[in-house]
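This report refers to the structure that appears directly beneath it.
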Amino acid sequence: MNLLRNSTLAALLALAATAAANAQVTYNISLDTSSLLSSSSAPFSLDFQFSDGSGVGSGLNWATLSNFQFGGGSAVGTPTLWGDATGDLGSTVTLGTSDAMLNEFYQEFAPGTFLSFNLTLTTNTPWSGATDLFSFSILDGSLASLLTDSPNGALVEVSLSDLGAATATFGSSDNGLSAPSITAIPEPATYGLFLGAGLLVAVVVRRVTTKRA
Amino acid sequence: MFAPRKLLTLAGALLSALLITSSPAAVKSEMQTYVEAMQPGWNLGNSFDAPGSETGWGNPVVTQEFIQQIAAQGFKSIRIPVSWSDHTGAAPTYTVDTAWLDRVEQVVNWSLDAGLHVMLNMHHDSYWIREMPADYIARYTAVWQQIAPRFRDHPRELMLETINEPDFLNVDDATKITLVNELNTIAYDVIRGTGGGNATRPIVMPTVVTNASQMFLDGLKAKMVELNDSNLIATIHFYGYWPFSTNIAGVTTVDASVLNDINTSLNGAYDTFVAAGIPVVVGELGLLAYDADINAIERGELLKFFEIFTATAQSKGITWQWWDNGKFINRATYQWRDPELYGYLMRSVAGRTTTGSTDLVFLKKGLPVQDTVVQLNLNGNTFVSLKDGATTLQSGLDYTLSGEKLTLKARALSKYATGSFGEKAVFTVNMTSGLPWKLHVRYVDTPVASSVDTETGADIPVPLAFNGDLLKTVEAKYSDGTGIEPHAWTSFKQWRDTYTPDYANNQITFKKALFDKAKPGLLNFAFYFWSGKVVRYQMSIVDRAGQVGTELQIYGDGLAAGWNDWTSWATHDLASTDQAHSGTRSISVTPGAYGAVGLSNGGAAIDTSIYHTLVFWIHGGSVGGQSIGVGAVRGDDWSSPWTGIPAPVANTWQKVEVSLRSLGVDGSSNISRVLFQDWSGGDAPTFYIDDIVLTTAKASTSMDVYADPAVNMTPQVQITKGGYVLNRRTNRYVQTVVVKNTGSTPVTGPVYLVLDSLSANTTLSNSSGKTNVELPTGSPYVQVTSGALAANTQVSVSLEFTVPASGGITYDARLLTDGATP
């Protein structure tokens with residue numbers, strides 16, 4: 001009985017600790033891709049990169065991409081993965097930062113009228129003031145990123161630093177793409193998870209106390 | 001004593017004499033076998049080659065027990081350098097002192113009795129020979145005519161070397177070859193002419209300066225072939241690639257130039273001599289800077305150097321003899337001061353030892369501990385284990401080994417990234433054969449230098465908290481890009497001659513020589529450390545010309561009130577009217593050896609702390625050229641250093657300024673005496689001194705030095721590096737760096753971001769240029785902003801890197817602000 005009680009308490013405390021360590025933000029990213037339907041630069045690929053600001057592959061953060069909607073288009077073929085990357089456009093894509101230089105996913109897609117997906121990022125503070133950077137690009141048929149004002153060739157960038165998460169979007173001049181919209185999706189706050197875990201702990205303690213009496 | 005062996009070896013010599021000198025290496029000659037039996041060898045340096053006596057350079061009297069220890073330590077041969085000039089009489093007989101010859105013979109006999117092959121030579125006589133005095137041939141010949149008969153019937157294990165490092169001044173190389181061969185021939189004829197054992201005694205002949213350049217090798221070989229004698233040995237000396245050997249020009253590792261130097265020298269010696277049947281002895285082996293400072297060459301690089309050299313020499317049948325001037329084997333205890341080096345040297349005879357790309361592993365404060373790769377040079381051995389002290393580490397968990405790539409896992413290192421800085425552990429890579437390769441694990445933080453206000457004219461110590469790091473080299477350059485003497489041809493200065501770290505006292509001392517020819521201006525320094533850190537430092541050097549000070553007179557037309565005559569060992573007159581710089585009188589001095597004129601303050605105590613310079617006028621009398629030293633005494637404390645002054649000129653008054661700092665009394669409140677002493681050591685001609693004062697002005701012969709950590713690294717600017725993103729349009733890795741002025745005042749532009757120590761696997765493709773003024777030079781930079789950076793504002797700059805074939809991109813970010821020019 002004591003073993004069960006201790007195991008349950010430990011698991012709940014671990015849940016609370018995990019909630020604290022793995023604070024995260026979720027965004028919905030969408031853009032009008034109708035201009036790509038008639039482009040001679042096809043085929044196109046969605047390209048996601050997640051870079052480690054420390055330069056050593058700290059693996060402190062990861063990105064999860066899900067709920068892909070292609071507006072009449074579809075994912076095509078199989079993905080190409082570099083470094084800490086898994087998944088495919090048909091389900092979920094996960095990128096970590098454990099490779100010092102390149103954590104990248106790209107896969108061909110057939111554009112529809114729009115593209116929409118969710119991006120969830122953990123926001124662990126990179127050490128030594130470094131900034132982890134998530135970037136989203138669209139590659140053309142030669143696997144070159146579409147021309148944007150971003151030096152990274154990105155349509156969307158999310159940087160993670162001591163100051164939290166910051167977003168930036170860019171349009172593409174050579175294919176008539178407007179800058180994507182990026183909207184934060186409300187998540188349960190960290191203290192909410194703490195509260196939930198705390199309530200569970202209280203229930204267990206109360207139950208144990210009741211049985212002992 | 002040695003007769004039985006003598007008979008045997010004599011028989012061998014007669015047999016070998018039948019062989020042709022230029023026999024191929026495939027048929028090993030008796031003389032080649034003889035030389036290989038000398039491996040390894042050792043030099044009894046700085047004893048019998050010292051001036052005056054065998055203790056002239058501080059080494060103790062050589063004992064038979066010491067010689068026996070040399071053999072007991074495993075050495076097979078001993079080279080006994082002997083300088084004969086201090087023990088040689090006048091022309092025409094040039095008689096060698098019999099006692100000296102007896103003493104040399106005694107040590108030779110002790111060595112032979114100990115079972116050693118013995119190389120006896122004529123050593124620093126080459127110093128006077130190179131001047132080519134009119135009688136040098138007669139004198140050289142006469143000395144050999146006395147050495148050769150003395151050793152005529154000694155065992156064959158004694159060989160005679162004609163001359164050490166022969167050179168001739170002011171002649172071209174071809175002439176040098178001719179003149180050195182003339183010396184070789186003279187000694188050869190004299191030795192052979194005495195007959196007996198000398199008829200076939202091995203004779204060792206050097207190239208010009210025992211240098212291994214092909215021209216000099218060929219020059220000697222031509223002479224040896226002409227002599228057609230199978231009992232000749234060629235000799236060269238080897239102290240390594242000079243920049244590496246002295247730690248200058250930034251050559252701090254066994255790089256391609258160092259390896260090329262080893263291979264070129266030994267291949268040349270082998271191809272020229274050994275392959276033609278003439279054995280070779282490297283009569284002196286060492287590294288120049290290491291002789292004087294054990295820290296001058298990094299330990300792992302030093303061990304690698306000697307491992308490679310000895311292995312290469314061994315493979316070519318070339319014997320080496322370690323140069324020991326008394327710094328290596330303690331001649332009182334017979335113990336090696338560097339037993340690790342001794343182990344490497346002795347091991348080399350049996351086979352190769354495994355080494356590594358480095359022997360240093362740095363754990364840096366504030367950074368996560370990472371896996372660390374050391375590339376091993378297995379050298380034919382097989383890995384056995386990796387140990388941390390006595391603990392065997394676990395393969396896979398603590399380390400991995402793939403081929404020669406040893407990866408130390410963070411798991412094995414992390415526990416040492418805490419506490420005090422410095423060496424925390426020594427890992428040993430243990431192999432099936434040879435010595436273990438040591439890995440020194442050090443916990444370090446960025447070294448920190450502090451400010452100093454001082455002056456030229458003496459050594460300049462600078463506080464430098466090493467924080468566990470080790471100094472690699474120092475770069476110095478004026479802000480206009482020009483170099484500083486000595487060795488202005490390179491910005492990387494010479495260890496020991498221009499700077500020395502003092503780890504125990506956390507300071508680096510810049511030697512007086514670095515500033516002897518300094519010019520006013522801003523001198524930029526970069527201190528390079530083995531961890532990869534670079535610390536920048538600046539010295540502002542300011543001329544003092546035109547300074548006017550308040551003076552305290554000591555002697556005008558006579559002694560000032562309160563000052564007394566405190567002279568000894570010198571004929572003098574404090575009221576001489578022979579010469580006068582001002583008024584009608586001066587002090588005349590006619591000193592005997594080291595005689596001095598002293599003036600002491602016998603009156604009321606004077607606070608001398610405000611004075612910086614001793615100024616006086618000196619007249620060389622009718623002769624001039626005297627050697628004079630000046631000193632000052634604090635109270636009764638005579639410990640302050642003296643300094644020499646420029647030689648007075650005949651019939652001329654000259655002003656002399658002596659910095660009180662150079663006399664060790666600057667700021668002293670109780671200077672009680674000033675003294676002027678003969679430093680010639682003999683009777684000196686009369687000179688005159690007049691108008692002696694202490695002045696608050698600083699000596700115009702020195703310059704002020706204001707030294708600070710580099711001010712262009714504005715502390716109020718913060719640099720934040722972003723992650724790398726691969727731009728698939730440009731195929732460049734892009735990194736955004738944010739530069740923020742965190743202070744409350746603007747930073748003057750333009751602002752540059754410099755990438756120091758950029759990893760070699762990439763280049764900065766959007767670089768604006770490379771640093772040429774601010775050290776370290778050669779680093780790529782970009783302009784962050786052309787204007788000022790306002791308080792509490794930030795600006796971003798994108799860096800674009802070529803894609804590395806492998807590995808990450810690393811660099812140290814540096815900001816140049818306040819109008820600094822890259």
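Since the model is a prediction, treat every value here as computed from it, not as a measurement. Here is how names work: the chains are called A, B, and so on, in the same order as the sequence lines, proteins then strands, and each is numbered from 1.
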Worksheet entry | Closest approach of B:Arg729 to A:Ser145 (non-hydrogen atoms, all atoms of both residues) |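 What the structure gives for the nearest pair is NE-O, 2.8 Å.
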Practice prompt. Taking all heavy atoms of A:Ala100 and all of B:Tyr724, pick out the closest pair and write down the distance.
Written response: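 Minimum heavy-atom contact is O-CD1, 4.4 Å.
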Proximal component of [X], with respect to chain B [non-hydrogen, under 4.5 Å]:
{"X": "A:Glu104", "answer": "side chain"}
{"X": "A:Leu102", "answer": "both"}
{"X": "A:Leu146", "answer": "backbone"}

Worksheet item: Of the listed residues (A:Asn152, A:Asp99, A:Leu143, A:Leu133), which shares the most heavy-atom pairs with chain B below a 4.5 Å separation?
Response: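 Of A:Asn152, A:Asp99, A:Leu143, A:Leu133, A:Asn152 has the most heavy-atom pairs under 4.5 Å with chain B.
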Worksheet item: Heavy-atom distance under 4.5 Å between the side chains of B:Arg728 and A:Tyr106, does that happen here?
Response: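 Side-chain contact under 4.5 Å: yes.
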Worksheet item: Side chains of A:Met101 and B:Ile809: does their closest heavy-atom pair fall under 4.5 Å?
Response: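 Yes, close enough: below the 4.5 Å cut-off.
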Fill in: Proximal component of B:Tyr733, with respect to chain A [non-hydrogen, under 4.5 Å]
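Side chain only.
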Discussion item. Looking at B:Asn727 and A:Pro151, would you say the former's side chain and the latter's main chain have a donor-acceptor pair under 3.5 Å?
Written reply: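 Pair found, side chain donor or acceptor close to backbone of A:Pro151.
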Discussion item. With rounding to the nearest 0.5 angstrom, report the CG to CG distance, A:Asp47 to B:Leu726.
Written reply: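 Reported value, rounded in 0.5 Å steps: 8.0 Å.
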